[in-house]
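Report on the following structure.
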Amino acid sequence: MKSTVLAPTTLIAWFDRTGRDLPWRHPETTGWGVLVSEIMLQQTPVVRVQPIWQDWMQRWPKPSSLAEATAADVLRAWGKLGYPRRALRLHAAAAAIAKNHGDVVPSDVDTLLALPGIGAYTARAVAAFAYGRRAPVVDTNVRRVVARAVHGSAEAGPPSTTRDLADVDTLLPEEDARAARYSAALMELGALVCTARNPTCVDCPVRVDCAWQQAGKPAYAGPTRPTQRFAGTDRQVRGLLLDVLRGASGPVERAKLDLVWQHDGQRDRCLDSLLVDGLAEQTEDGLFALPGES
DNA sequence: CAACCGTGGTT
DNA sequence: TAACCAAGGTT
């Protein structure tokens with residue numbers, strides 16, 4: 001007897017009723033719009049992404065439009081969304097799509113996986129949400145929902161792409177469009193109800209069948225990952241340096257960058273890593289700038 | 001697989 | 001207030 005928890009009919013009905021009206025979910029949004037949203041949403045909250053996404057769609061409505069922009073313009077438009085390498089990879093993906101895919105975002109998972117910045121999650125999210133394909137879409141929300149509702153555990157264990165995909169695949173309905181809708185519903189449930197902290201189980205549409213609920217909502221017993229520091233790390237220093245370059249109208253002197261961090265060794269190392277990553281450039285006369293603006 | 005890669009709001 | 005959290009990907 002197959003478990004009825006996370007039943008498609010229940011979840012999709014809940015999603016129809018409760019799902020957020022996000023612009024990249026509108027029917028007229030292209031595959032390109034969906035892809036841009038998915039990249040921006042990697043590790044970044046919806047509220048911060050939405051205005052930037054609107055701006056990008058107006059400015060760069062097709063992959064080829066973005067491909068024609070300079071990296072400097074792309075990084076400035078990315079603003080403070082964080083992890084600016086995502087912007088660079090999206091820029092590169094746009095160029096590849098324009099050149100090799102007729103300026104249309106691919107719908108095939110393996111083709112998407114071959115593009116820079118697109119991994120197991122994003123490839124399937126685009127296939128499902130932009131093209132209505134049946135594909136297991138596994139993000140942190142889905143992992144948490146499945147851990148609780150199916151396995152009765154408060155948190156998902158350590159991620160394993162292969163296992164997680166197979167796990168979610170068994171839950172997906174057969175028909176493509178329905179499976180895609182179901183995937184969106186699963187993510188939305190994790191984002192709105194089955195949240196990491198203080199899940200609102202009273203609002204949950206699958207509460208009666210939830211294994212975690214039935215077990216009395218036991219606390220997580222498995223291994224915990226050490227929390228990532230930020231203050232004092234290279235990540236912070238790189239962010240400070242890049243913020244100076246973004247805020248400048250053109251190339252700046254090294255002295256200007258020296259002001260943001262007092263430890264010379266770390267600062268120099270970070271500036272060098274930005275150059276290596278293609279997030280910054282040094283001009284012929286020794287100034288520093290965003291790539292492509294000199 | 002673990003470490004690394006930004007940023008800002010919430011608890 | 002330090003820790004946690006937010007639609008991950010790459011090395």
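Residue numbers start from 1 in every chain, and the chains themselves are labelled A, B, ... in the order their sequence lines are given, proteins ahead of strands.
Across all strands shown, A:Trp78 has no heavy atoms under 4.0 Å from either base or sugar-phosphate atoms. Counting any heavy atom pair closer than 4.0 Å across all strands shown, A:Arg20 reaches a base atom. Residue-level contact check: A:Ala125 touches neither bases nor backbone, having no heavy atom under 4.0 Å from any strand. A:Thr122 comes within 4.0 angstrom of sugar-phosphate atoms only, judged by non-hydrogen atoms across all strands, and of no base. The residue A:Pro159 sits close only to the backbone: its heavy atoms come under 4.0 Å of sugar-phosphate atoms, none of a base.
One can place CG of A:Leu88 at 20 Å from P of C:dG8, the figure rounded to the nearest angstrom. Atom CG in A:Leu186 sits about 13 Å away from atom P in C:dA7, given to the nearest Å. Rounded to whole Å, atom P of C:dA7 lies 18 Å from atom CG of A:Leu35. One can place CD1 of A:Ile52 at 18 Å from P of C:dA7, the figure rounded to the nearest angstrom. In this structure, A:Leu90 atom CG and C:dG9 atom C1' are separated by 13 Å, rounded to whole Å. Following rounding to the nearest Å, A:Asp164 (CG) and C:dG9 (P) show an atom-to-atom distance of 12 Å. One atom, CD of A:Glu38, and another, P of C:dG9, lie 9 Å apart when rounded to the nearest Å. When rounded to the nearest whole Å, the span between CZ of A:Arg143 and C1' of C:dC5 equals 15 Å.
Using atom P as the reference point in both B:dG6 and C:dT11, the two lie 14 Å apart (nearest Å). Straight-line distance between the P atoms of B:dC5 and C:dA7: roughly 22 Å, to the nearest whole Å.
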Test side chain to side chain contact (heavy atoms under 4.5 Å, CB included) on A:Trp32 and A:Asp103 and set out the steps. CA-CA 9 Å; A:Trp32 171 238; A:Asp103 215 11; over 6 Å; no

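With salt bridges taken as basic N to acidic carboxylate O contacts below 4.0 Å, none links A:Arg143 and A:Asp167. Ion pairing of A:Asp272 with A:Arg269 is absent here, as no side-chain N (NZ or NE/NH1/NH2) approaches a carboxylate O to less than 4.0 Å.
An OP1 or OP2 oxygen of C:dA7 is reached within less than 4.0 angstrom by no side-chain nitrogen or oxygen of A:Arg25.
A:Ser183 and A:Arg124 share no donor-acceptor pair across their side chains, judged by distance under 3.5 Å alone. Side-chain contact check for A:Tyr121 and A:Glu38: at least one donor-acceptor pair (N or O, by modelled atom type) lies under 3.5 Å.
Counting heavy atoms from C-beta on, the side chains of A:Trp24 and A:Val49 come closer than 4.5 Å. Two residues are said to be in side-chain contact when any heavy atoms from C-beta on lie closer than 4.5 Å; A:Leu189 and A:Asn141 fail this criterion.
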Contact pattern, 5' to 3', of nucleotides 4-11 of chain B - B, S or - by protein heavy atom under 4.0 Å: BBBBBB-S

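Mapping A:Leu115 and A:Leu22 onto DNA chain C by nearest heavy atom places A:Leu22 at the nucleotide closer to the 5' end.
Judged as a salt bridge (Lys or Arg N to Asp or Glu O under 4.0 Å), and not counting sequence neighbours, A:Arg163 has no contacts.
Across all strands shown, B:dC4 is found opposite C:dG9 as a Watson-Crick or G-U wobble partner, with both distances under 3.5 Å.
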